[in-house]
Amino acid sequence: MNCFIRMTILLLTFFFISSISFAADPPRYERTVVDYSIPDVVLINQDGKRVRLKSLLETNQRVVVDFIYGTCTTICPIMSAGYVHLQRKLGDKSDSVQLVSITIDPEHDTPEILKDYLEKYRAKPGWDFLTGSRRDIERVMTAFDAYFRDKMDHQPLTFIRSPTEDKWIRLYGLLGGRDFMEEYQKAGN
Amino acid sequence: MNNAYFTKTGRKSVLTIICLTVCLLNLSLFTTTATASGKDLSAQEIKHLGEKMYREGLLPSGEPIKAFVTGDVPVDGTSFTCISCHLRSGMGSIEGEVITPPTNGNTLYKQRKPYIEGSVFVPIIHNYAVYLPERPAYTDETLASLLVTGYDPTGRSVLDAMPRYEIADRDMEIMIAYLKTLSDKPAPGVTKDHIKFATVIVEGTDPVAVESMVIPLQYSVNRKNSLAVASKNNDRVARMGYNMLGDLHSMTFSLKRWVISGPPETWREQLEKYYKEDPVYALLGGISEGTWEPVHRFCEENEIPNLFPIVDNPVISDTDWYTQYLSRGIRQEGETAARYLSSMADLFSDRKVVQIYRETTRGQALADGFRTTWNSRGHAPAVEITLKENEPFSGLQLQQIVARHKPAALLIWDDDKLLGNVASLVGLSTGPGVIIASGVWLGEAIWTIPEELRGMLQLTYPYRMPHEEIRFDITARKVLEGKPIEDFDPIILRQSFIAQEVLGKALMEMRIEYYRDFLLDTIGMFDDSYPPLYERISFGPGQRYASKGCYIVQLGKGKNPQLEKLTEWVVR
């Protein structure tokens, strides 16, 4: 093929590819590193089991925490999709991280509802969803500087604990799967 | 230089490449945007299959829709359904910082532009969001393109919060046709000047109870109609009214009483007749001392909202949509007792729980509430002893039951006669550690609980503490317009007060978009509130029982005791 034809093919291919690009806008989020003091409360997980929050969060594993609720629209599906994606990417190693979701609608979210939620997202072991008394949940939200006056006002906040540094990485915003993986991996170093 | 272009073969090759590329481009951009005239789709197909896609994230084939969120994270369409953000009415939502605009055909196929040329404010029809950017009206092609690529006709990406979906061909036609059916025309009972409501009353219900239910609703309707008159007569009122309520300010309401009688099996026919003669937008309140099921079913199947009927036995469902209840009814007390005892069950060792109840509707609801929740927590079922409606039951019999079963905890679902019976257990060294009864069933008899029983008898109490509730009398009196509050049932009065408050708040938010699903979607997005009677009521998409709470209380010591809380409002 001659030079001219090759150029034509190249130009047209370039045009073709760029016209079907699905690149997303770069997601925006804020990242800070904070020292949080976990209150010693006992919450209830999706199996109805009582769980001491400090024992769940202060371990040698990496831990990720978010605040969602069962009938949430909009934000929570995106955040939970991030959890699902992380578990899938980790494959066999999905139990190397403890994913924790804490409900900000403890009045409505019974263990049965938490379990249904996790099933809907096909959560693998290693992702626990917690409820409890309103007072205890508020204490936990306050401890993470994530107190919402009302569940309808909640914000997308995800916290990753780095076991080596014993600090929490606070991520504020809706993260794409890739960004979330990157932050997760950074936290382990 | 090679002059290949100028040869015939050269020209042919370039032409072929160009044609091929153009064809490929056409395919890639427009395969998924097949003209969706929807003309050959039946209404049934659109509703059934479109609904499945919109509400459940399932393609007509039954497979989950493939979706990609925030650009690259694959998710099942089943966990990222349209309904979860755009809600059932398609009118969108606002939660935290994320605004989901409407996705009904009426909105999509209209241009979105500023109210005032050059202004940053771009109002949409209801109050939710004023900061959405301009866009032209969608067409079937650009709408399909948005769904597949995540880019709107202005090139703006929605992918920060909305997935892009892999939907093609006929499935896309169905999806688009379905969106056009969402909130597409005003509901029955609504005109631009008037909204019709009705309240369902079961004949034979105590007249005081009926009036206590109707009066707050009627007050609210009268007040609205007064505003409409004032708006017509006075420009300043009209302006103020318009600022607060939009076009609602000049609209009038009416409230009809639909009285139903005879056996419950005949109620459905009576309701259908009322509805056929004069369709209403929604039912408000309503009252029945027995079942509510036929009315609930009528609303569900005709897709008519019913706000806060006054019933002891609401229909309990996780998925039914159209009736918003105040609580789960009497059974909520039994459920709370189960959760309360469950929290201390470790201390019971091998000792049993005994549940004694009257075989009346009330007793059975309490017992069933307890039983279902208690058993679901994995405990050994309670020993149950039933009493016929008028069967005598003595303190001696109670002592014998306790001696036989030695329960760690005892529940007695009965009226105030239980106080005399429980007195027989005072001083018993092997008596149960906890005795629970229904505070609501005891009613005023709570205040007659003898001092020696107060320490051992605990009560379920699904309302705010009386000494704190008294300050809400002022609020309740508002709707009585001078009538003495003593002439009414104080609980029903407050419950009905809540109904008209919630209705008013919802209509104010909805502005001129009076679709039925939108009414329930709007209520579903309300913040928690702290009304008369209930410590707190809360809502959420699909949540249909506003009060989740019930205290466990005890009567305090002394001559002028107060009820004292032993738990939080919601017992986990």
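In what follows, chains carry the letters A, B, and so on, assigned in the order in which the sequence lines appear, proteins first and then strands, with residues in each chain numbered from 1. In what follows, every heavy atom counts, from backbone to side chain, and hydrogens, waters and symmetry copies are set aside.
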## Note on the structure
Nearest heavy-atom approach of Ser79(B) to Pro77(A) is O-CB, 4.1 Å
### Query
Checking Asp76(B) against chain A: side chain, backbone, both or neither under 4.5 Å from a heavy atom?
side chain
### Query
If you round to the nearest 0.5 Å, how far is CG of Leu43(A) from CZ of Arg572(B)?
11.5 Å
### Message
Taking Asp528(B)'s backbone N and O only, do any of them form a donor-acceptor pair with Lys151(A)'s side chain (distance below 3.5 Å, no angle check)?
### Response
no
### Message
Please find the pair of heavy atoms, one from Glu107(A) and one from Trp569(B), that lie closest to each other, and give the distance.
### Response
OE2-CD1, 3.9 Å
### Query
Looking only at heavy atoms, what is the nearest atom pair of Pro74(B) and Arg88(A), with distance?
O-NH1, 3.7 Å
### Task
Could you look at Tyr545(B) and say if it's the side chain, the backbone, both or neither that has a heavy atom under 4.5 Å from chain A?
neither
### Message
So, taking the atom named NE2 in His86(B) and the one named OG1 in Thr73(A), what distance separates them when rounded to the nearest 0.5 Å?
### Response
10.0 Å
### Task
Determine the minimum heavy-atom distance between Met152(A) and Gly524(B), stating which atoms define it.
CE-O, 3.3 Å
#### Entry: From Gln155(A) atom CD to Glu95(B) atom CD, the distance as rounded to the nearest 0.5 Å
11.5 Å
#### Entry: CD on Gln543(B) to CG on Asp109(A), rounded to 0.5 Å
7.5 Å
### Task
Name the member of Gly48(A), Gly82(A), Cys72(A) that forms the most heavy-atom pairs with chain B at distances under 4.5 Å.
Cys72(A)
### Task
For Lys124(A), look at atom NZ and say whether over 12 heavy atoms of other residues, nucleotides or ligands are found less than 6.0 Å away.
yes
### Query
Charged N to carboxylate O below 4.0 Å: is that the case for Asp527(B) and Arg149(A)?
yes
### Task
Check whether Thr110(A) gets within reach of chain B through its side chain, its backbone, both or neither, counting any heavy atom under 4.5 Å.
both
### Proximity breakdown for Arg50(A) and chain B, heavy-atom pairs closer than 4.5 Å
side chain
### Query
When rounded to the nearest 0.5 angstrom, what distance separates CG in Asp318(B) from CD in Glu112(A)?
9.5 Å
#### Entry: Test: Arg134(A) and Glu568(B) ion pair at under 4.0 Å
no
### Message
Could you report the tightest heavy-atom contact between Ser93(B) and Thr74(A), atom names first, then the distance?
### Response
OG-OG1, 3.8 Å
#### Entry: More than 12 heavy atoms of other groups within 6.0 Å of Arg377(B) CZ
yes
### Query
Which bit of Phe148(A) is near chain B, if near means a heavy-atom gap under 4.5 Å: side chain, backbone, both or neither?
neither
### Message
What's the separation between atom NZ in Lys120(A) and atom CZ in Phe80(B), rounded to the nearest 0.5 Å?
### Response
9.5 Å
